[in-house]
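Fair warning: this is a prediction, and the values are worked out from it, not measured in the lab. Residue numbers run from 1 in the order of the sequence given. Note: hydrogens, waters and symmetry copies are ignored here, and every other heavy atom, side chains too, is used.
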Amino acid sequence: MTLASLYVRPAMRGAGTGSRLLAGCLDWSRAHGAFRTEVSAYASNAAALRFYHRHGFTDHEVTLTAPGGWVPGTGAR
């Protein structure tokens with residue numbers, strides 16, 4: 001199962017809302033036979049990375065993007 005997005009309004013942060021949402025997602029995932037759960041977060045989103053690490057997720061994959069989205073070696077920008 002892939003959790004595509006989890007957003008908690010700033011006013012609700014720090015009250016356990018994100019943890020409850022994630023727990024509900026993981027419960028649903030287990031109930032439907034998922035054997036793996038993945039999430040993604042931008043490397044620059046330190047708060048999200050801390051949140052997922054606190055809940056047992058580990059770093060698995062790194063995706064690198066060329067500056068400005070251009071393809072290196074093509075000369076096109």
Side-chain angles (χ1 to χ4, degrees):
M1 194 279 292
T2 300
L3 175 59
S5 179
L6 177 69
Y7 177 79
V8 176
R9 288 183 176 193
M12 301 300 294
R13 293 178 188 165
T17 303
S19 294
R20 287 191 300 277
L21 288 169
L22 181 59
C25 177
L26 295 174
D27 289 345
W28 183 92
S29 184
R30 280 189 291 274
H32 287 82
F35 59 92
R36 179 174 163 158
T37 301
E38 297 177 339
V39 299
S40 63
Y42 288 109
S44 61
N45 190 343
L49 295 173
R50 280 192 309 273
F51 172 81
Y52 291 122
H53 288 152
R54 249 190 344 265
H55 288 86
F57 287 83
T58 58
D59 299 337
H60 174 71
E61 184 175 295
V62 174
T63 301
L64 304 174
T65 303
W70 61 278
V71 178
T74 64
R77 290 193 184 242

Worked verdict on L6 versus L21 for side-chain contact (heavy atoms from CB on, under 4.5 Å):
CA-CA 8 Å; L6 177 69; L21 288 169; 3.6 Å; yes
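- Closest of all the heavy-atom pairs between S29 and T37 is OG-OG1, 3.3 Å.
- The side-chain hydrogen bond (donor to acceptor under 3.5 Å, both in side chains) analysis of residues 42-57, with sequence neighbours excluded, yields the pairs S19-H55, H53-D59.
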Might you work through the side-chain contact (heavy atoms from CB on, under 4.5 Å) test for F57 and L22, ending with a clear yes or no?
CA-CA 11 Å; F57 287 83; L22 181 59; 4.0 Å; yes
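- No continuous path of ILVMFWY side-chain contacts below 4.5 Å connects L49 to L26, so the two sit in separate hydrophobic clusters.
- Using a 4.5 Å heavy-atom cutoff, the side chains of V39 and F51 are not in contact.
- Side chains of C25 and M1 form a contact here, defined as non-hydrogen atoms less than 4.5 Å apart.
- Side chain of R13 to backbone of G18: no donor-acceptor contact under 3.5 angstrom is found.
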